[in-house]
Amino acid sequence: QVQLVESGGGLVQPGGSLRLSCAASGSIFRGNAMGWYRQAPGKQREFVAGITSGGIINYADSVKGRFTISRDNAKNTVYLQMNNLKPEDTAVYYCNAVSSKFRGSWGQGTQVTVSS
C-alpha cells in the first residue's frame with residue numbers, strides 16, 4: 001500500500017524554482033505535522049521544512065527565505081515551493097510525518113537537481 005507519493009522534481013538552473021507535491025495517506029497526514037526532508041549523495045537525510053495541521057511552520061536555516069511549505073488538508077497533500085535554488089539544494093526530496101510515531105514507510109522521493 002503506497003502511503004507517500006512525491007512529485008515535481010526535475011533539473012533546474014541555479015536561481016530557478018520548483019514546486020514539489022506529496023500525496024499522503026490519511027493515516028499519516030490527518031492531524032499530524034508533515035515535513036519535507038532531503039538526502040544528497042553520500043549524506044544523511046535531513047529535515048528541510050515542517051508544517052503542523054494548524055499551519056505552524058518551521059524551516060531549516062539553509063532554506064529560510066527561499067522555500068515555502070504549505071498543506072491542503074482536504075487533499076491530504078503537502079507542498080514545497082522552492083525558489084532561488086542553489087546547487088547545494090540538489091538531493092532526493094521526501095515527505096513524511098514529522099513525528100516518528102506517525103511516520104509511514106518512506107516513498108521513492110523526487111529528484112531535484114540544480115545545475116547550469
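Values below: all heavy atoms of this structure, side chains included; hydrogens, waters and symmetry mates excluded. One is the number of the first residue; the rest follow in order along the sequence.
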Checklist outcome for this item: Residues Gly26 and Asn76: closest non-hydrogen pair is CA-ND2, 3.4 Å
Next on the checklist: Looking only at the side chains, is there a donor atom on one of Ser115 and Thr113 sitting less than 3.5 Å from an acceptor on the other?
Outcome noted: no
Item to check | Shortest non-hydrogen contact between Arg45 and Tyr37, atoms and distance | outcome: CG-CB, 3.8 Å
Checklist entry - Does CD in Gln108 sit with more than 12 non-hydrogen atoms of other residues, nucleotides or ligands closer than 6.0 Å? => result no
Checklist entry - In terms of hydrophobic clusters joined by side-chain contacts under 4.5 Å, are Leu85 and Leu11 together? => result no
Checklist entry - Do Ser21 and Lys75 have side chains that get closer than 4.5 Å, going by heavy atoms? => result no
Checklist entry - Quick one: does Glu6's side chain have a donor or acceptor within less than 3.5 Å of a partner on Cys95's backbone? => result yes
Checklist entry - Does NZ or CZ of Arg66 come closer than 6.0 Å to the centre of the six-membered ring of Tyr59, within 45° of the ring's axis? => result no
Checklist entry - Counting only heavy atoms not in Gln44, do more than 12 sit closer than 6.0 Å to its CD atom? => result no
Item to check | CA sep, side-chain torsions, deciding dist, call: Asp89, Lys86, salt bridge (Lys or Arg N to Asp or Glu O under 4.0 Å) | outcome: CA-CA 5 Å; Asp89 295 318; Lys86 303 176 180 181; over 6 Å; no
Checklist entry - In terms of the angle between their ring planes, are Trp106 and Tyr94 parallel, tilted or perpendicular, with boundaries placed at 30° and 60°? => result perpendicular
Checklist entry - About how many Å separate OH of Tyr93 and CG of Leu20, when rounded to the nearest 0.5 Å? => result 7.5 Å
Checklist entry - At what distance, to the nearest 0.5 angstrom, does CD1 of Ile51 lie from CH2 of Trp36? => result 12.0 Å
Checklist entry - How many angstroms lie between atom CD1 of Ile57 and atom NZ of Lys64, to the nearest 0.5 angstrom? => result 12.5 Å
Next on the checklist: Assess the residue pair Gln3 and Ser27 against the criterion (side chain to side chain contact (heavy atoms under 4.5 Å, CB included)); give the C-alpha distance rounded to whole Å, side-chain angles, the decisive distance to 0.1 Å, and a yes or no.
Outcome noted: CA-CA 9 Å; Gln3 296 181 307; Ser27 61; 4.3 Å; yes
Item to check | Any Arg38 side-chain heavy atom under 4.5 Å of Val63 side chain | outcome: yes
Next on the checklist: Please give me the minimum heavy-atom distance between Ile69 and Met34, naming the atom from each residue.
Outcome noted: CD1-O, 4.0 Å
Item to check | Shortest non-hydrogen separation from Asn83 to Ser17 and the atoms involved | outcome: OD1-OG, 2.9 Å
Next on the checklist: For the backbone of Gln81 and the side chain of Arg19, can you confirm whether one donor and one acceptor N or O come within less than 3.5 Å of each other?
Outcome noted: no
Item to check | Rounded distance (nearest 0.5 Å) linking atom CG of Asn84 with atom CZ of Phe67 | outcome: 9.0 Å
Checklist entry - How close do Ala24 and Leu4 get, heavy atom to heavy atom, and via which atoms? => result CB-CD2, 3.6 Å
Checklist entry - For the hydrophobic clusters of this structure (ILVMFWY residues joined by side-chain heavy atoms under 4.5 Å, transitively), does one cluster hold both Val78 and Leu18? => result yes
Checklist entry - Distance-only, no hydrogens or angles: does the Asn73 side chain make a donor-acceptor pair with backbone N or O of Arg30 under 3.5 Å? => result no
Checklist entry - Between Arg103 (side chain) and Val98 (backbone), is there a donor-acceptor pair under 3.5 Å? => result yes
Item to check | Candidate pair Tyr79 and Asp72, rule side chain to side chain contact (heavy atoms under 4.5 Å, CB included), full reasoning | outcome: CA-CA 8 Å; Tyr79 305 96; Asp72 185 333; 4.0 Å; yes
Checklist entry - Can you name the closest pair of heavy atoms from Thr90 and Ala40 and give their distance? => result O-CB, 3.7 Å
Checklist entry - Are Val48 and Val112 connected in the hydrophobic side-chain network, where two residues link if heavy atoms are under 4.5 Å apart? => result yes
